[in-house]
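Below, all heavy atoms of this structure are taken into account, side chains as well, without hydrogens, waters or symmetry copies. When a residue number appears, it is its place in the shown sequence, counting from 1.
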Amino acid sequence: MGSNPLLGVVFHWLGGLASGSFYVPYRKVKRWSWETYWLVGGIFSWIIAPWLLGSLMTSDLLGVLRASPRSSIAWAYIFGVLWGLGGLTFGLTMRYLGMSLGMAVALGFTAAFGTLVPPIFRGQFASEVLGTRSGVTILIGVGICMLGIVFAGAAGTMKEREMSEEQKRASIKEFDLKKGLLVATFSGVMSSCFAYGLAAADPIKAESVRHGTAVLWQGLPALVVVLLGGFTTNFLWCLFLNIRNHSGFEYFSTYASHPRNSTDTVPAIENPTDAPAEEMARADKHKVPASPAPHDLPLVVPMLSNYFFCALAGTTWYFQFFFYTMGETQMGRYKFSSWTLHMASIIIFSTLWGIALKEWNGAGPRTKFMVALSLATLIASTAIVGYGNYLGTHS
């Protein structure tokens, strides 16, 4: 199957849509602590979906992993663990900055490091990027993507200045620009490790093709390894919170007997991966009183519904990388540009969700214009990066 950059851009847009949308089903989960529903959804994201689709869509998944170089598997796993750390603090970024600004800042760092470091590390940046017309075009697209991220961040800053303190708290309960920017920087750099994990897994992809897997699906075995690393980090943190907060019973109990079911009652530093910003903004509406009266009846937990929406959210999350690996196969020799396309698509769709969920209510016309400008710039960047890859296929 030959490369097709236009099709690759479409795949990356689908991945961005999945990433920008996965948190919506979590808003339907009731009376579970964050660590409970995040781990349940994560089991589908990092374990069930990768193994199931990897087994269905590739040839001899276990045989591929056994035949792959141990060093490749080890580095893919390690980078997955590091990426998991970025994901943990990414939730805290959402908590302090909101969905739109938080994603813009954190993903800006992720896009820059995740796109440019792999070709620099491989020694290809000067010859294959700066030394070719297609590479320079892609680099221009990456720069425009960074500009779109700057516009998105500026829009968030303008919104902060325009809104009253009461409006800020109504939109994002714990808005803190300085603390949020610091956390977003760390989160963005660590989150770029996912790109490094996929690059380290190139021998696994090649082994999958040798076993008869179609080129389009060659990245699925690599996802099994990288996501296992991410699962390790998140599982340990959620398990720690289950023990510390005595919330482990929630996986099995049909009654909410624990007084803490709102993350508002937990100090931010102790629960860094929180619910998405929109859910955080509404968390107080579902809060259980800290000291229920003796005559209060226990609250019934919709167990089947909770597991269903966690499974839906987790599977939706996985599809961002399912489509990512498909898009990467279509980008030709400049597949490193896939990371920019992925990040731009995530910001585009998460910003659109922020608009739909009224996160920009209270912002003035200038701020809304800046949001529109950031969206237009990011869309243009994906078109330019795609065109650069198109030039590469005909060079």
[atom1] ([X]) with more than 12 external heavy atoms under 6.0 Å:
{"X": "Leu56", "atom1": "CG", "value": "yes"}
{"X": "Phe349", "atom1": "CZ", "value": "yes"}
{"X": "Trp13", "atom1": "CH2", "value": "yes"}

No-hydrogen, no-angle side-chain donor-acceptor test under 3.5 Å, Ser337 and Asn389: yes
Donor-acceptor pair between Tyr77 and Thr232 side chains, under 3.5 angstrom: yes
For [Y], does its backbone N or O pair with a side-chain atom of [X] as donor and acceptor, under 3.5 Å?
{"X": "His211", "Y": "Glu207", "answer": "yes"}
{"X": "Thr315", "Y": "Ala311", "answer": "yes"}
{"X": "Gln330", "Y": "Gly8", "answer": "no"}
{"X": "Tyr23", "Y": "Ala313", "answer": "no"}
{"X": "Ser253", "Y": "Glu250", "answer": "no"}
{"X": "Thr132", "Y": "Gly135", "answer": "yes"}

Nearest-0.5 Å distance, OH of residue Tyr251 to CG of residue Leu39: 4.0 Å
Aromatic ring pairing Phe22/Tyr26, orientation class (parallel under 30°, perpendicular over 60°, tilted between): perpendicular
Parallel, tilted or perpendicular, as decided by the 30° and 60° cut-offs, for the rings of Tyr37 and Trp34: perpendicular
Side chain to side chain donor-acceptor pair (under 3.5 Å): pairs with one or both residues in residues 41-66, sequence neighbours excluded: none
Pairs meeting criterion side chain to side chain donor-acceptor pair (under 3.5 Å) with involvement of residues 106-117, two or more places apart: Thr115-Thr340
Tell me if the centroids of the rings in [X] and [Y] come within less than 6.0 Å of each other.
{"X": "Trp32", "Y": "Phe309", "answer": "no"}
{"X": "Phe79", "Y": "Trp83", "answer": "no"}
{"X": "Trp317", "Y": "Phe44", "answer": "no"}
{"X": "Phe323", "Y": "His342", "answer": "no"}

Note: Glu35-Arg244 ion pair, threshold 4.0 Å (strictly below): no
